2 protein chains.
Amino acid sequence: MDTNTVLGDDLTGYDPAAFERPSVTVDVVAFTAKNDRLHVLLVRRGVAPFAGAWALPGGFVKMDEDLDDAARRELSEETGLTANVHLEQLYTFGKPGRDPRTRVISVAHMALLPAPDSGLPGALAGEPHGGTDAAEAAWWPVDTLPPALAFDHAAILALALSRLRAKLGYTSVAVALLPPEFTLSELQRTYETILARPLDKRNFRKKMLAAEGLLEATPRQKRDGAHRPAQLFRFTNREPVFLG
Amino acid sequence: MDTNTVLGDDLTGYDPAAFERPSVTVDVVAFTAKNDRLHVLLVRRGVAPFAGAWALPGGFVKMDEDLDDAARRELSEETGLTANVHLEQLYTFGKPGRDPRTRVISVAHMALLPAPDSGLPGALAGEPHGGTDAAEAAWWPVDTLPPALAFDHAAILALALSRLRAKLGYTSVAVALLPPEFTLSELQRTYETILARPLDKRNFRKKMLAAEGLLEATPRQKRDGAHRPAQLFRFTNREPVFLG
DNA sequence: TTAATAGTGTCTCTTAGACACTATTAT
DNA sequence: ATAATAGTGTCTAAGAGACACTATTAA
């Protein structure tokens with residue numbers, strides 16, 4: 001709960017100044033798949049500590065703001081994107097000393113964005129553009145990160161990555177990284193990008209098409225280059241769902 | 001991270017009084033299996049709001065205390081138990097208004113305790129005894145809970161329960177609910193208690209014994225009543241592990 | 001001998017994974 | 001014709017789940 005009934009914890013007639021309180025922030029691990037590589041959004045810090053280092057986007061939770069609203073706000077300040085973003089809470093990092101200045105408890109979130117080059121309305125979908133601040137923001141391939149991330153952000157990122165990979169196996173999270181319509185090859189490339197290993201084409205297609213309530217064929221095809229056009233599919237549910 | 005580089009978020013020379021901050025608490029969903037039923041630890045609130053209602057044990061995170069240390073402390077204040085407790089972070093609940101008094105962000109944890117009647121050293125292992133406060137604390141069967149839990153604690157409990165059930169399938173969390181040595185029937189009853197459904201005895205034993213690095217037979221047997229004695233087993237790892 | 005729990009094997013069905021060729025298009 | 005990607009089926013091995021009887025003990 002919020003308080004137990006220990007006398008010292010009684011909040012009736014509570015004086016907000018009576019106890020020292022930690023700061024609460026949200027950090028966002030935003031992934032996207034571009035150029036067949038998984039990328040994460042990082043911002044470069046302008047001030048100490050870790051000035052000049054790359055860090056996850058994040059910031060304070062406002063007093064009247066839900067945690068995922070705060071995460072969404074921080075993300076949109078960096079990317080300008082709010083629609084089509086899958087957001088989920090990851091873990092809360094609160095070890096004393098993780099921020100050298102003061103006690104900071106950070107609720108880490110994972111965000112998944114459709115690939116910026118996926119032809120969504122609004123050409124810069126998923127493109128970081130500095131947002132409301134002048135800080136540098138960029139998509140970094142997860143297999144080629146800058147040398148030292150600020151704070152404990154390397155650990156947060158590692159957790160997000162393992163969670164994403166795990167969820168790929170039993171949910172349809174890939175929805176959140178793909179445009180509304182896509183080919184089975186594009187879907188497979190997304191899986192391969194995230195898992196960082198090749199998958200067998202026939203087995204992959206068999207499994208995806210066999211999954212109950214996952215994919216629907218559209219009447220459209222995608223024709224690309226000098227090869228056979230590909231059937232376009234869409235996800236039955238726009239939200240990621242559990243797969244039995 | 002903790003701050004991005006938005007000007008207003010610059011914490012250099014930070015004045016702790018400059019921003020209003022939420023309160024941060026931990027809540028603990030403590031499970032144990034007794035009398036072939038899954039139980040959760042609840043405390044009765046003595047003060048408003050929700051005076052007289054049952055609630056999860058919890059309380060403020062101290063300024064120099066890690067989140068899971070806070071959870072462990074709150075739990076031990078209710079149960080007196082610190083050893084042999086498996087504790088993991090569950091989810092952070094922070095919706096404005098979830099506590100009618102002030103903004104409270106609560107980091108919920110799940111704890112698993114060995115059954116109190118399992119013959120551990122210290123006869124009251126897992127028995128709640130009011131701890132440092134005078135509040136009433138009791139183990140409630142999860143299928144017969146008191147009518148209305150305080151705050152959003154029913155949702156927290158529901159989440160913990162589904163997490164526990166899910167983890168039973170792919171980890172050895174059951175370690176944390178059993179004494180060091182146990183029979184396969186006891187192990188099966190623990191699973192059935194948590195999942196609230198019967199399992200096939202032959203399939204269950206086949207699977208458990210086939211699991212690599214999970215169980216070890218001890219040279220001991222348990223003889224109980226008027227029937228064949230049972231082989232005692234122990235877990236190879238005292239910590240819950242992932243099962244491939 | 002009875003009541004109570006421990007312990008044991010087979011069959012079927014589903015799923016995962018290895019594996020190679022044909023189809024269609026633009027140039 | 002060639003290069004490039006789409007699309008397709010079979011076999012095997014492993015795991016999940018249905019299913020019923022014998023073994024050992026205390027009373």
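Being a predicted model, the structure only gives us computed values, none of them experimental. Both backbone and side-chain heavy atoms feed into the values below; hydrogens, waters and symmetry mates do not. Every chain is numbered from 1, with letters handed out A, B, ... down the list of sequences.
Side-chain atoms of B/Asn203 come within donor-acceptor range of the base of D/dA18, with a qualifying N/O pair under 3.5 Å. You won't find any donor-acceptor pair under 3.5 Å spanning the side chain of B/Lys207 and the base of D/dG17, going by distance alone. Within 3.5 Å, a donor on the side chain of A/Lys201 pairs with an acceptor on the base of D/dA6, or the reverse. Put simply, the side chain of A/Lys206 and the base of C/dG17 share a donor and an acceptor less than 3.5 Å apart.
When each of A/Asp200 and A/Pro229 is assigned the nucleotide of DNA chain C with its nearest heavy atom, A/Asp200 is the one assigned upstream, toward the 5' end. Mapping A/His227 and A/Arg202 onto DNA chain D via the closest heavy atom, the residue that lands nearer the 5' end is A/His227.
Spacing between atom CZ of A/Arg228 and atom P of C/dT25 amounts to 8 Å, rounded to whole angstrom units. In this structure, the OH atom of B/Tyr170 is 16 Å from the P atom of D/dA16, given to the nearest Å. For the pair A/Lys222 NZ and D/dA4 P, the computed distance is 18 Å after rounding to whole Å. With rounding to whole Å, A/Leu187 atom CG is found 12 Å from D/dG7 atom P. Nucleotide C/dT27 holds its P atom 12 Å from the CG atom of A/Asp224, rounded to whole Å. We find that CD of B/Gln188 is positioned 14 Å from P of C/dT8, with the value rounded to whole Å. For A/Phe204 and C/dT15, the CZ to C1' distance is 16 Å, given to the nearest whole Å. The CD atom of A/Gln221 sits 8 Å away from the P atom of C/dT25 (whole-angstrom rounding).
Looking only at distances, no side-chain donor or acceptor of A/Thr92 sits under 3.5 Å from a matching main-chain atom of B/Thr92. B/Thr190 contributes a side-chain N or O that, together with a main-chain N or O of B/Glu186, makes up a donor-acceptor pair within less than 3.5 Å. Under a 3.5 Å cut-off, the side chain of B/Glu74 and the backbone N or O of B/Val28 do not form any donor-acceptor pair. For A/Thr171 (side chain) and A/Pro240 (main-chain N/O), no donor-acceptor pair under 3.5 Å exists by modelled atom type.
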Inset, instruction - Under 3.5 Å for both distances, Watson-Crick or G-U wobble, that's the pair rule; now give the dot-bracket for DNA chain C, with | marking pairs to another strand and [ ] for crossing ones. - result: |||||||||||||||||||||||||||
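Closest to the A/Ala230 side chain, of the nucleotides D/dG7, C/dC19, C/dA3, is D/dG7. Comparing C/dA26, D/dG7, D/dG9 by their closest approach to the side chain of A/Arg223 singles out C/dA26.
Counted within 6.0 Å of CD on B/Glu212, heavy atoms from surrounding residues, nucleotides or ligands total 12 or fewer; the atom is thus considered open.
Between A/Arg98 and A/Asp152 there is a salt bridge, with a side-chain nitrogen of the basic residue lying less than 4.0 Å from a carboxylate oxygen of the acidic one. Between A/Lys222 and A/Glu181, none of the side-chain N atoms (NZ, or NE/NH1/NH2) sits under 4.0 Å from a carboxylate O, so this pair counts as no salt bridge.
A heavy atom lying under 4.0 Å from DNA chain C marks none of the residues of residues 190-199 of chain A.
For the pair B/His109 and B/Leu67, the minimum side-chain heavy-atom distance is below 4.5 Å.
Between A/Ser185 and D/dA6 there is a side-chain N or O to OP1 or OP2 distance below 4.0 Å.
Ring pair B/Phe235/B/Phe182 is tilted by interplanar angle, where 30° to 60° counts as tilted. Classified by interplanar angle (parallel below 30°, tilted 30° to 60°, perpendicular above 60°), the ring pair A/Phe93/A/Tyr91 is perpendicular.
Across all strands, A/Arg205 comes closer than 4.0 Å to base atoms (heavy-atom distances).
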